[in-house]
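I have placed the structure first, in the form of structure tokens, so that the comments after it can refer back to it.
Worth knowing before you read on, the calculation uses all heavy atoms, side chains too, and leaves out hydrogens, waters and symmetry mates. Note that this is a predicted model, so its numbers are computed, not measured. Naming convention: chains lettered A, B, ... in sequence-line order (proteins, then strands); numbering from 1 in each chain.
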Protein chains: 2
Amino acid sequence: MTKITARQIAAQTGVSIATVSRTINNNGYVHADVRARIEAAMRDLGYLPNQAARNLATGRTRTVGLVLQTLHSPAFVDMTEAIQMTLREKGYFLLMCNTQFNQQIETDYLRLVQSGMLDGMITNAINDTATEMRQLVQQNYPIVFINRSLTGIEGQPTRTGFVQMDLQHATFLATDYLAGLGHRRIGVITGDMQLSTQQRRLGGYREALQARGLEFDPLLVQAVAVNRNEATRDGQLTPKNANALHEATVQATGEFLTAMPDVSALIVIYHTMLPGVLQAIRQVGRRVPDDLSLVAFSDFPMAPFLDPPLTVVAQPSTEMGHKAADMLVALIEQPAQPAQHVLLRPELIVRQSCKPYP
Amino acid sequence: MTKITARQIAAQTGVSIATVSRTINNNGYVHADVRARIEAAMRDLGYLPNQAARNLATGRTRTVGLVLQTLHSPAFVDMTEAIQMTLREKGYFLLMCNTQFNQQIETDYLRLVQSGMLDGMITNAINDTATEMRQLVQQNYPIVFINRSLTGIEGQPTRTGFVQMDLQHATFLATDYLAGLGHRRIGVITGDMQLSTQQRRLGGYREALQARGLEFDPLLVQAVAVNRNEATRDGQLTPKNANALHEATVQATGEFLTAMPDVSALIVIYHTMLPGVLQAIRQVGRRVPDDLSLVAFSDFPMAPFLDPPLTVVAQPSTEMGHKAADMLVALIEQPAQPAQHVLLRPELIVRQSCKPYP
DNA sequence: CTAAAATATGTAACCGGTTACATGTGGTAG
DNA sequence: CTACCACATGTAACCGGTTACATATTTTAG
């Protein structure tokens, strides 16, 4: 299995390597007969152009990165598949970068764009405000942010794009629905408060409360730590951390429900926490929806078959994936311009996990 | 943002580019002082070595591909994350290749190894017997197969590895458990019959039936088509196909249950079909577990919270992922040798979706 | 004290393509 | 007939590193 090179194809066909290259890339002039002979030779010898060489010569790789914290969320799976399918149609490849909420890993992956390994990046990076990220944006590397925003680049020509679900509206929908059912004390189980998205998420919560004349009580917002910087220092990754998050969720939710017996409804922001929350609810002896109404984020195929069928705020994940991929390719192939924004709306899907407040 | 090159670092530091390269790669001799100066210069200028150039020069990319049909299966998600984490620790990157059951896409991705873009491949390719695949194996490209086997390479030195769950034992466990509960007519909902894994899966089914003195009835095995070659010709991918599979499952299962009223237990081989099966069961008016016992494949976090909590055969997906990644890296970094095999055992997790036959 | 070994660094070939530029042919408009 | 343009192909520089080899200096061993 000696590696076949373009030189050998050229020799075989009696042309120069430049003509072979033109044939491969279908640019420049190549006589039809010559083209046919070259293509035949390539087929016969099973020739495939060396990608590394092309990448070096062209300065592009037709590969983009997708930096997500985890795939253990149906929304992310939908998005990932949508992104990959769209990219594939446009001739791009996808490098997966799951960070398990570890910021160091996140930063490491971001550098791949600068190292010329990736033409661009789609990310919902946690440390979206970090220096490294701003640097990337400033240097005009193509980046599409998912559900993130970045201040200070307004109007400047960059290669930055934003695809967002209306996070504020999502929590608004959930809160408003529950408040409309008469619930007064609506708990929220969410992640680290320092995430830049929390403001918008809680904004929708407060907005809905206010509209219904309810008071905002910070004690009703229960954060579960998802950031796993420390947990990953020792190299123990997935299984341990997945369990760690689950345990942390069970414990935090259990304590929350015990400490707040007047909470009659719960909004769960992160899908990854849902099993833990459900378990905690069982453990403290509450029943959904009779003793506790529940709205979760992200729809998933099994949601209608849970006990009870789960009312959720569905995210347009597949569409977000398509948009993000489209946008990134555009940013890669076109010159810098003011950042583009796409905002998609979430949707409340009512099933049977909520009841009117007695 | 002029791109910084190793040459500039060399000039800046007053050394040759070779010394810079030695510093970067930490091989060969470099004086400690010089090394320090070079590293300082690299930091100051924000230098990152160009990956394409390194790939070309070294003939390696430290990137491997993962070819899976879909991520809409918790087992695949677990595996993917485990693979990626393991690879990352060993300094490799992961290129995602979801094929949506399209064999053309599968083949396309396989070629990436030959084009030098990938150092190796982990795959559960559908067309595992195809010419392209055998060719790859023959040419000693590092490949690890997940739940697949390949005849005709026994003893030959290749760079092939196999990580398998004991598929036969998995169906055996499910079937034996149901038969032990007194069920006689146990239905199986599965995928395309031409998949090379079907033989082993059904083997376990028949083995258990035989051990319990029950007869095998081919009519009890209901296939749902998952192969989406045609559906993808028009470029319409994810959402349409996901729905298509769901609808096909609902319909096939519904007809099956209606045509076979004496079936008192059901084994669902593919997780992606589970929602469709559950919906069909509802539609035909059966109730789990009272009118129908159910065992599904793959455990998932929400399984205990389904109605009823689902009895499943759990796959050691995370472990399979780790093993596969370890194995692939070994195959990449070591010379060809006889194929390695890892066989892991599934486990029956009994919850409440099965009842004794009345 | 001297030869061998270890350390340190530079030179230049090489990885396998892409592409700007030069060169050459044939057809066509003026 | 000449100038110009489309077509066709080759030459060689270039992409940005890696690394074999040559050379020089410093240690170490005997």
Expressed in angstrom and rounded to an integer, what is the separation of [X] atom [atom1] from [N] atom [atom2]?
X: Leu48(B); N: dG16(D); atom1: CG; atom2: P; result: 14 Å
X: Ile4(A); N: dC15(C); atom1: CD1; atom2: P; result: 15 Å
X: Asp33(B); N: dT7(C); atom1: CG; atom2: P; result: 16 Å

Quiz item: Pick the nucleotide of DNA chain C nearest each of Ala57(A) and Gly14(B); which residue has the one closer to the 5' end?
Solution: Gly14(B)
Quiz item: On DNA chain C, nearest-nucleotide positions of Ala18(B) versus Arg22(A): which is more 5'?
Solution: Ala18(B)
Does [X] have a side-chain nitrogen or oxygen under 4.0 Å from the phosphate oxygens OP1 or OP2 of [N]?
X: Asn27(A); N: dT19(C); result: yes
X: Asn55(B); N: dC15(C); result: no
X: Asn25(A); N: dT18(C); result: yes
X: Thr19(A); N: dG10(D); result: yes
X: Tyr47(A); N: dG16(C); result: no
X: Ser21(A); N: dT18(C); result: yes
X: Tyr29(B); N: dA8(C); result: no

Practice problem: For Val15(A) and for Arg7(A), locate the closest nucleotide of DNA chain D by heavy-atom distance; then report the residue assigned to the nucleotide nearer the 5' terminus. | Solution: Val15(A)
Quiz item: Nearest of dT9(C), dG17(D), dT18(C) to any side-chain atom of Val34(B)?
Solution: dT9(C)
Quiz item: Out of dG17(C), dA8(C), dG16(D), which nucleotide sits closest to the side chain of His31(B)?
Solution: dA8(C)
